[in-house]
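I'd like to ask some things about the structure below.
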Amino acid sequence: MPDDDRRAKLERLREQGVDPFPHAFPGVQPSASVHAAHDDLEDGGETDVDYRVAGRLAARRGHGGSAFLDVVDRSGRIQIQARRDVLGEEPFDRLVSLDLGDIVGIDGTAFSSRRGELTLRATDWTLLAKSLAPPPDKFHGLEDTETRYRRRELDLIANEETRELFILRSRVVAAVRRWLDDRGFLEVETPVLQPLYGGGHARPFTTHHNSLGRDLYLRIATELYLKRLIVGGLERVYEIGKDFRNEGLSPKHNPEFTVLEFYEAYADYVDIATKLEELVSFVAAEIGYGGEIDFSPPWRRVSLRDAIEEATGVDVLAHRDRDALVTAAAQRGIDLAPGDTWPQLVDELLSKHVERELHDPTFIVDYPVELSPLAKTHRSQPGLVERFECFAGGMEFANAFTELNDPDEQRARFEEQRRYTAEGDDQAQPYDEDFVRALEQGMPPTGGIGVGIDRLVMLLSGRRSIREVVLFPAMR
RNA sequence: GGGCCGUUAGCUCAACUGGUAGAGCAGGAGACUCUUAAUCUCAAGGUUGAAGGUUCGAGUCCUUCACGGCCCA
């Protein structure tokens with residue numbers, strides 16, 4: 001058993017007075033900085049520059065009196081040369097008999113091998129943590145999808161692309177924050193545990209607060225609280241956080257997912273669209289995006305009605321109730337579920353016939369009021385609201401509107417949602433009196449948006465499954 | 001929910017129409033002072049996802065289940 005071998009080594013080390021789990025190792029430099037300083041060294045060239053690096057032992061090539069070791073840290077990989085004549089008998093033998101996966105600290109002098117690989121000739125070394133479990137295959141890495149998701153630490157150890165992907169994700173989020181911070185947006189935190197959920201079309205998770213003796217919901221969106229902050233005069237706010245939706249898993253859906261929402265007073269959905277173009281193209285440039293999607297502004301804008309009519313021949317606005325729409329679609333050879341509400345049917349036409357064809361970023365604008373209970377009525381087109389969803393790579397990744405700020409109309413919209421609930425839509429939005437009361441205080445004209453960060457990372461990294469871009473995706 | 005594919009050593013994969021489960025890497029012993037998927041020698045490593053069934057005999061065929069992947073709804 002390999003584990004037994006490793007445990008036997010652990011005991012042997014302890015008997016030799018070596019602490020296999022020391023407390024710290026100060027002064028470590030990233031391996032990439034060693035490469036940056038010396039990668040122009042000629043083949044076989046020597047330096048007298050010493051470095052201290054640390055990381056996981058990933059490979060070993062022994063040659064009797066010398067050996068080459070590969071040490072991996074977050075910034076990359078660096079080759080270590082161990083020599084008996086440099087280190088001395090015992091330190092050399094112990095270094096060379098470490099297990100792959102052990103964490104080591106290396107002090108060494110930079111030089112270039114005969115074949116031109118930058119290498120540290122170890123002058124001293126320290127075991128920093130013993131690894132008791134064998135690592136994945138050093139060449140093939142870890143390929144089993146299930147193990148990669150369930151044991152992401154192994155994926156990160158074995159697969160450099162995974163490490164780079166999650167570093168990329170972090171850079172995406174950092175760039176988003178930088179862009180918003182630079183434009184006067186204030187980052188805020190609103191409740192995850194909510195007495196009433198709202199701001200989205202979804203089923204919630206329910207939990208229970210023991211000492212309050214009441215049920216609470218995990219938020220499905222941050223929208224209503226953020227708009228209350230606009231009422232409060234914070235003018236430009238944003239939140240990046242997890243939302244939770246109690247629905248099925250798919251390549252585009254994880255039950256908990258990261259969303260950016262931002263709201264801007266005195267702006268409308270046209271302003272927000274421009275900001276989204278700028279934000280995403282900024283982030284793409286910051287991370288050096290070089291993929292197939294053209295994020296450069298301006299992005300195409302097409303009305304929801306035209307988009308659906310182009311794809312299906314059905315004019316949804318000419319068939320403004322459930323039965324008429326089902327009939328019109330049937331004449332075009334499209335079966336719709338007759339039990340759905342009218343807004344659900346429109347949403348179905350959009351997601352099944354339009355969404356997957358939208359490769360480069362596209363704004364679908366001006367939605368029926370029935371689909372958008374929190375959006376302001378369109379200034380010129382009756383029956384519509386000022387709303388857009390943004391699509392790219394065949395996937396929705398953002399949703400925005402000119403915010404409804406008339407409290408009486410908001411109340412009426414919530415009442416309409418109640419009717420949809422009564423018609424069987426279990427995702428319709430509940431009546432939130434606290435929110436309406438806040439609107440009664442007076443909310444300035446406001447534009448707001450939600451951007452799916454996981455999906456944005458999928459687009460920017462070319463990944464086709466949300467599970468690839470979430471560190472620990474939900475598994476059955 | 002439906003269809004298809006997959007699950008074999010720690011990891012990556014073999015095993016023909018049913019006939020003693022193999023290899024590489026990792027791990028063990030040894031050789032080797034510029035290798036980089038190092039090389040060479042030797043030995044070891046398995047409840048073939050689970051449970052049933054058919055058969056003289058099942059990794060292989062059948063049924064059910066679990067988990068995963070892809071596609072569809």
Side-chain angles (χ1 to χ4, degrees), chain A residues 1-10 12 31 35 41-46 56-72 76-89 92-93 95-102 108-122 130-155 157-160 247-253 334-340 344-345 347-349 351-353 355-356 394 463-468 473-476:
Chain A
M1 288 287 284
D3 292 11
D4 292 343
D5 293 336
R6 283 167 185 258
R7 289 195 174 275
K9 283 189 185 179
L10 179 70
R12 208 180 312 147
S31 66
H35 282 289
L41 201 59
E42 75 276 13
D43 293 4
E46 297 281 338
R56 193 177 294 275
L57 183 61
R60 175 183 47 239
R61 299 171 289 281
H63 296 271
S66 80
F68 289 94
L69 313 172
D70 290 345
V71 169
V72 170
R77 178 181 292 246
I78 190 161
Q79 178 168 264
I80 307 298
Q81 187 193 40
R83 290 173 53 153
R84 178 171 274 137
D85 59 356
V86 172
L87 285 166
E89 195 78 17
F92 174 82
D93 287 341
L95 176 54
V96 168
S97 62
L98 288 178
D99 288 310
L100 297 192
D102 288 351
T109 312
F111 74 104
S112 173
S113 73
R114 274 179 211 155
R115 302 234 177 135
E117 172 147 358
L118 184 69
T119 304
L120 290 182
R121 181 175 295 117
K130 185 71 192 157
S131 168
L132 293 175
D137 187 283
K138 71 177 180 182
F139 180 65
H140 297 92
L142 178 65
E143 300 196 350
D144 181 73
T145 312
E146 185 174 358
T147 310
R148 287 184 48 237
Y149 295 159
R150 289 191 193 274
R151 303 202 56 201
R152 186 68 90 180
E153 67 280 6
L154 293 183
D155 189 25
I157 287 168
N159 299 322
E160 191 174 357
E247 284 158 18
L249 293 87
S250 89
K252 293 176 189 172
H253 299 87
I334 296 167
D335 283 335
L336 291 176
D340 282 354
Q344 286 175 321
L345 295 174
D347 197 50
E348 186 176 327
L349 287 170
S351 59
K352 286 185 187 159
H353 298 277
E355 179 167 359
R356 69 188 58 181
R463 299 304 200 278
R464 292 201 308 263
S465 168
I466 195 170
R467 289 180 160 186
E468 290 292 337
M475 302 290 282
R476 183 185 286 262

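So you know, we letter chains A, B, ... as the sequences are listed, proteins then strands, and number each from 1.
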Q: For B:G24 versus B:C40, give the span between their P atoms, rounded off to a whole number of Å.
A: 10 Å
A:E247 atom CD is separated from B:G1 atom P, nearest whole Å, by 15 Å
On RNA chain B, more 5' by nearest nucleotide between A:D85 and A:R115 is A:D85
**Prompt:** Heavy atoms under 4.0 Å, any strand shown: does A:G62 hit a base, just sugar-phosphate, or nothing?
**Reply:**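 Base, at least one base atom sits under 4.0 Å.
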Exercise for review: Compare the minimum distances between each of B:C13, B:G28, B:U35 and the side chain of A:D5, then state the nucleotide with the smallest one.
Suggested key: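 Side chain of A:D5 sits closest to B:G28.
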Practice task
Using both distances under 3.5 Å as the test, list the Watson-Crick or G-U wobble partner of B:U54, or none.
Solution key: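 Answer to the pairing question: none, since B:U54 forms no Watson-Crick or G-U pair.
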Exercise. Does the base of B:G10 carry an N or O that pairs as donor and acceptor with the side chain of A:D137 under 3.5 Å?
Worked result: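 For A:D137, whose side chain was compared with the base of B:G10, there is no donor-acceptor pair (under 3.5 Å).
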Close side-chain approach of A:M475 to A:E146, heavy-atom, < 4.5 Å
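Result yes, sub-4.5 Å side-chain heavy-atom pair found.
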- Task: Hunt down the Watson-Crick or G-U wobble partner of B:G49, both distances under 3.5 Å, from any strand shown, or write none.
- Result: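 Partner of B:G49: B:C65.
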Q. Paired with B:A9: which nucleotide, if any, by Watson-Crick or G-U wobble criteria at under 3.5 Å for both distances?
A.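 WC or wobble partner does not exist here.
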Rounded to the nearest Å, what distance is computed from the CD atom of residue A:Q81 to the P atom of nucleotide B:A38?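 Rounded to the whole Å, the gap is 16 Å.
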(request) In whole angstrom, give me the gap between the C1' atoms of B:A44 and B:C32. (result) 23 Å
From the list A:R83, A:R121, A:R84, side chain to side chain contact (heavy atoms under 4.5 Å, CB included) with A:S66 holds only for A:R83
Testing B:G27, B:U36, B:C11 for proximity to the side chain of A:Q79, the answer is B:U36
Item checked: Between B:U7 and B:G49 - C1' atom distance, rounded Å -> 6 Å
**Prompt:** Any side-chain N or O of A:K138 less than 4.0 Å from the OP1 or OP2 oxygen of B:A26?
**Reply:** yes
Which atom of A:L142 lies closest to which atom of A:P136, heavy atoms considered
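Of all heavy-atom pairs spanning A:L142 and A:P136, the closest is CB-CB, 4.0 Å.
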The Watson-Crick or G-U wobble partner of B:A15, with both key distances under 3.5 Å, is none
Whole-Å distance, A:F139 CZ to B:U12 C1', equals 10 Å
Does A:K9 make a side-chain N or O approach to OP1 or OP2 of B:G28 shorter than 4.0 Å?
yes
Item to check | Same-atom distance (C1') from B:C25 to B:C67, integer angstrom | outcome: 26 Å
*Report which part of the nucleic acid A:R60 touches: base, sugar-phosphate, or nothing (heavy-atom distance under 4.0 Å, all strands).*
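It contacts sugar-phosphate atoms only.
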Practice problem: Side-chain contact test, heavy atoms from C-beta onward, threshold under 4.5 Å: evaluate it for A:L95 versus A:L69 and give yes or no. | Solution: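 They are in contact (side-chain heavy atoms under 4.5 Å apart), so the answer is yes.
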Run the side-chain contact (heavy atoms from CB on, under 4.5 Å) check on A:N159 and A:R148 step by step: do they pass? CA-CA 10 Å; A:N159 299 322; A:R148 287 184 48 237; 4.1 Å; yes
- [ ] Could you check how far NE2 of A:H140 sits from P of B:A14, rounded to whole Å?
- [x]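 For the pair A:H140 NE2 and B:A14 P, the rounded distance is 11 Å.
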Taking the side chain as every heavy atom from C-beta outward, state whether A:I334 and A:H353 have any atom pair closer than 4.5 Å. yes
Atom CG of A:L142 and atom P of B:G10 are separated, to the nearest Å, by 14 Å
Atom CZ of A:R7 and atom P of B:G28 are separated, to the nearest Å, by 15 Å
Contact string for nucleotides 68-73 of chain B, one letter per nucleotide 5' to 3', B = base within protein heavy-atom range under 4.0 Å, S = sugar-phosphate only, - = neither, reads SS----
Using the P atom on both, measure B:G57 against B:U20 and round to a whole Å.
-> 15 Å
Once side-chain hydrogen bond (donor to acceptor under 3.5 Å, both in side chains) is applied, do any residues pair with A:K130, and if so which ones, sequence neighbours excluded?
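Here the qualifying residues are A:D99, A:D102.
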Atom CZ of A:R83 and atom P of B:C34 are separated, to the nearest Å, by 9 Å
I need the minimum non-hydrogen distance between A:R60 and A:L100, along with the two atoms involved.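 A:R60 and A:L100 have their closest heavy atoms at N-CD2, 4.1 Å.
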| task | Please report the closest heavy-atom contact between A:R356 and A:K352, naming both atoms and the distance. | result |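 For A:R356 and A:K352, the tightest heavy-atom pair comes out as NE-O, 3.9 Å.
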Side chains of A:F68 and A:E117: does their closest heavy-atom pair fall under 4.5 Å?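 A side-chain contact under 4.5 Å is absent here.
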Comparing A:T147 with A:A82, nearest RNA chain B nucleotide closer to 5' gives the residue A:T147
**Message:** Can you measure A:F92 atom CZ to B:C32 atom C1' for me and round it to whole angstrom units?
**Reply:**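 That distance rounds to 10 Å.
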Item to complete: Determine whether any donor atom in the side chain of A:E117 lies under 3.5 Å from an acceptor atom in the base of B:U36, or the reverse, and answer yes or no.
Response: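 Answer is yes: a donor-acceptor pair is held.
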### Query
Expressed in whole Å, how much space separates the P atoms belonging to B:A58 and B:A51?
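It comes out at 15 Å once rounded to the nearest Å.
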**Study point:** Under-4.0 Å side-chain N/O to phosphate OP1/OP2 contact, A:R61 with B:A38
**Key:** yes
Partner of B:G1 under the Watson-Crick or G-U wobble criteria, both distances under 3.5 Å, comes out as B:C72
- Task: Quote, to the nearest angstrom, the C1' distance that separates B:A21 from B:A73.
- Result: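 Roughly 41 Å separates the two C1' atoms.
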C1' gap between B:A38 and B:U55, integer Å: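 So the two C1' atoms sit 49 Å from each other.
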